[in-house]
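Below is one structure, written out as C-alpha cells; comments come after it.
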2 protein chains.
Amino acid sequence: MKPVTLKEIAEKLNISVTTVSKALKDYSDVSPKTKALVKELAATLNYTPNSFAVHLRTKESKTIGLVIPEVVHHFFSNVIKGIISEAEKEGYLVIILQSNESYELEKKQIELLMSHRVDGILISLANGTADFKHLNAVIEQDKPLVMFDKIAKLVKCSKIIIDDQKAAYIATQHLIDTGCKRIAHFRGPLLPQNSIDRFLGYKKALLDNGMEYDPNLVYLNDCDENSFDDGKMNAAKLYKEHNDVDGIFINTDMVAIGAISEFNRLGVKIPEEISIVGFSNWFMSSVISPTITTIDQPGYAMGQTAFKQLYKEIKAHKNNVAISPEIIQLETALVKRESTKN
Amino acid sequence: MKPVTLKEIAEKLNISVTTVSKALKDYSDVSPKTKALVKELAATLNYTPNSFAVHLRTKESKTIGLVIPEVVHHFFSNVIKGIISEAEKEGYLVIILQSNESYELEKKQIELLMSHRVDGILISLANGTADFKHLNAVIEQDKPLVMFDKIAKLVKCSKIIIDDQKAAYIATQHLIDTGCKRIAHFRGPLLPQNSIDRFLGYKKALLDNGMEYDPNLVYLNDCDENSFDDGKMNAAKLYKEHNDVDGIFINTDMVAIGAISEFNRLGVKIPEEISIVGFSNWFMSSVISPTITTIDQPGYAMGQTAFKQLYKEIKAHKNNVAISPEIIQLETALVKRESTKN
DNA sequence: TTTCATAACGAAAACGATTTCGATTTTACC
DNA sequence: GGTAAAATCGAAATCGTTTTCGTTATGAAA
C-alpha cells in the first residue's frame, strides 16, 4: 500500500541502501549483475523515488511556479499551455496561482511559491501592481524569476514581451492607411506597461502622420480588467460624444467584440462608418461578424519562451554561473480582416 | 542568500532546534518568553519552513494534481479556476497537467503525479481513454482520486458530473416544443461518457415525443475534439444531405458557433429555417449573432465541488477513516436565446 | 529536609534518498 | 607468492523538520 523505498529493496536483496541507490543511477562502482537485480526488482515493485527526500538532499524541486492575473482568459490559457508543454520536456511540474489582478494576492502567491521552494517563478503582473518589493525579494533570494507579457521595466530580471508600442503603431497606421481621419483608442486600464505602450504607439502613429492627438478620444476602463462590457460601454459613450470618429484602435479583442456588438446594435456599419482594429488575435475575432482586424499576439510561443528562459537561468543558478537578464521580444503581425477597409 | 533554517535560529538564540520548532508551533512546554524570542527572530529573518523536510516527515504534500484534456478551453478554464481558488482556501497547491486527449499521455501524467507524491488527484478523462488501469492503480495505492465531467462509470471513485442525459433531453425537448419536426444531432467524438449520455438524451426525447429516430441525422466528429471547424463541416454536410432538417442539438457551443457561422455563410436563416441548441453556455454564445440557446454547464462550481470532495477524502484518508465514493450531480439549466424560436 | 509535581528544555530518532570515503575483495602482473 | 591496482560494496553523514521521551530545575507540599 505505502510506496516502496530503497530500504525495502535493499533488504529483499540483502544488500545496502547505498548500493541500491547507486545501481539505479548507474554508478560505475556497482557490478552489472547487481545493477540488473536491483533494476528488475525496482521495476516489479514499481519503485518511484520519494521526491521530497530527493529534493531535500539535492535542493532542487523540479517544480516552477506560475502567477497570472486570470486563468479564464484566451491569451493566458495559451501561455499556460506553452509553459506546461515546454516544462514537461525538461521534467518540470508547474504550479499555477492566480492574482485576480490584485497586488495583495500576487504578493501572497509569490510568498507561497517561495515557501514551497519552487526552482523558479514565472509571472505576468496584475494590473494593479505598482510596487515591486515582492519581486525584488525573489531576486534577492537568488531565485530565478522571469516576467512575461505584463512586466515591470524597473525589476531586474529577464522579460519575454512583444513590442507593444510597435504593434500598436502598425495597427493605428493601418487605420490611417485605409482612410480613417479621426481615430479613437480604447486603452483599457491605466497602469500596466502594455496598456501604456500600446497607447504610446497609437499616439506616435497619429503624430507621425501629421494628425492631431486628442486626449478626449482615449477611453479608459472603469476597472482593472478588459471585458466585453467595457467594449459595449465605451462604444456607447463614444457614439454619443464623438460621432465623427471613423476608426478605433482597441486594446484587446474581447473589448473589440464588445464594441462591435454595441455598434451592431446601434446600427453603425463596420467598417463603412467606423473601422476597428483589435489586439491579440483571439480565436473569436476570426469568427464573429464582421471578423476583426487585429494584432496577432503569440501566447503559446510566449509561454514556451518564458519557460525556456527560466530553465536556462535555473540551470545557470545550479551551476553557480552568473547570468545577466535578457529581454526577449517576440514578433507580432497585423492580421487584416473585415473590420477595416482595404 | 540561502533560506533560513531552524538550526540557524537555534544557534543565534543559544537554544535547541527542538525548542525553536516547538515555539513556532505553540507547544505548551515552551515558556512564553522563549516563544516570543523565537517568533520575533523568525519573523525578522523571514523564516519559512522547508516544505520538503516537513513533507518528508508528515507524509503530506499539501499539493494536488489536476489532469485535464486541454487547458485552452473555456469550460476547463473555469473548472481550473474553481479548483485553484477552492484549494487555496485550504492551503493546497495545484499542479496542472494536460492529457491532450491522449490516453498514453494521461497515463504518463498520472504516474508523474504519483511519483511527486501529491495528496490527491483530480481528473477529467481524455476522449481517447477506454482503459482504466492507470486510474485503478491510483486507487489501489490508496490515493484519493476524484473524477469530474468526463468520467468513467466503471472506476470506483467519487465523481462530479452533470446529468448530461437529462440536460440533452431538455435541450431536445425545447427544439420540439418550438416546432421542430426533424431534429439532427452533432454528437462530437464517439467515446466519452458525456457524448454518449447527451446522445441518449437526444434520442429519448425524440422517442418520448413520438418522433422517428434517424441514425443518419447523428453526426460524429472526425477526430477526438470539438472544434469550430467540426461545426462548419458538419453543418455543410447536413445542408447537402438533409435539407429537411429544421433543428439541431449540438454537443458543444464551440461546434454550434462553427455551425452557425457556416449557416450564415450559406444564407440559412436561424432560427427561421433551422433552430440550434448548443451545450455549455460558453460566454461567446451570448455574444455571437444570433445568440445561442444552450445548456448552462457550471464549470466553476464543478471545479469547486471537485476540490471539496477531494479534500474531504484526503482528510479522511489522513485520519484513517474509510469513506465511500460519492456521485455528485450539479444542476444545469436551459438558457433560451435567439437561435431557437419561442 | 525529603518528596513530588510541574515547568522548561534538549537529545536523538525518524522521514528517504544521496554521496563521500573507507573497507574489502578480486584481478593482474611481475 | 607477493604486491599493486581495480572492482565492489557499505557505513555514515547529510538535507531540515517533527516528535517522543528524557532530563534538569523549580517550587510546593509534607
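Chain letters run A, B, ... following the sequence lines, proteins first and then strands; every chain starts at 1.
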message: Is it true that Ser99(B) and Ser102(B) share a donor-acceptor pair across their side chains at a distance under 3.5 Å?
response: no
query: Does one side chain, of Lys150(B) or Asn194(B), offer a donor that lies under 3.5 Å from an acceptor on the other?
result: no
Could you tell me whether [X] and [Y] have a side-chain N and a carboxylate O separated by less than 4.0 Å?
X: Glu326(B); Y: Lys159(B); result: no
X: Glu111(B); Y: Lys108(B); result: no
X: Glu313(B); Y: Lys143(B); result: no
X: Glu104(B); Y: Lys107(B); result: no

statement: Footprint ends on DNA chain D, 5' to 3', for atoms under 4.0 angstrom from a heavy atom of chain A, come out as dT8(D) to dG16(D)
- request: With a 4.0 angstrom cut-off to heavy atoms of chain A, pull out the first and last contacting nucleotide of DNA chain C, in 5'-to-3' order.
  value: dG16(C) to dC21(C)
Partners passing side-chain contact (heavy atoms from CB on, under 4.5 Å) against Glu60(A) (at least two apart in sequence or in another chain): Thr58(A), Lys62(A), Tyr92(A), Asp119(A), Lys318(A)
query: Would you find a donor on one side and an acceptor on the other, under 3.5 Å apart, between the side chain of Ser21(A) and the backbone of Val17(A)?
result: no
message: For Ala126(A), is there any backbone N or O sitting under 3.5 Å from a side-chain donor or acceptor partner on Glu106(A)?
response: yes
- request: Strictly below 4.0 Å, heavy-atom distances to any atom of DNA chain C: list the hits from residues 16-40 of chain A, or just say none.
  value: Val17(A), Thr18(A), Ser21(A), Lys22(A), Lys25(A), Tyr27(A)
- request: Before giving the answer on side-chain hydrogen bond (donor to acceptor under 3.5 Å, both in side chains), spell out for Gln98(A) and Glu88(B) the whole-Å C-alpha distance, their side-chain angles and the decisive distance to 0.1 Å.
  value: CA-CA 10 Å; Gln98(A) 275 196 132; Glu88(B) 205 184 336; over 6 Å; no
task: Work out how much the helix from dT1(C)-dA30(D) to dC30(C)-dG1(D) bends between its end axes, five pairs an end, to the nearest 10 degrees.
output: 70°
Per-pair distances, 0.1 Å, donor-acceptor, side chain in residues 45-54 of chain B, under 3.5 Å, sequence neighbours excluded:
residue  : atom : partner   : partner atom : Å
Thr48(B) : OG1  : Arg117(A) : NH1          : 3.2
Asn50(B) : OD1  : Phe52(B)  : N            : 2.8
Asn50(B) : OD1  : Ala53(B)  : N            : 3.2

message: Between His55(A) and His55(B), is the ring centroid distance below 6.0 Å?
response: no
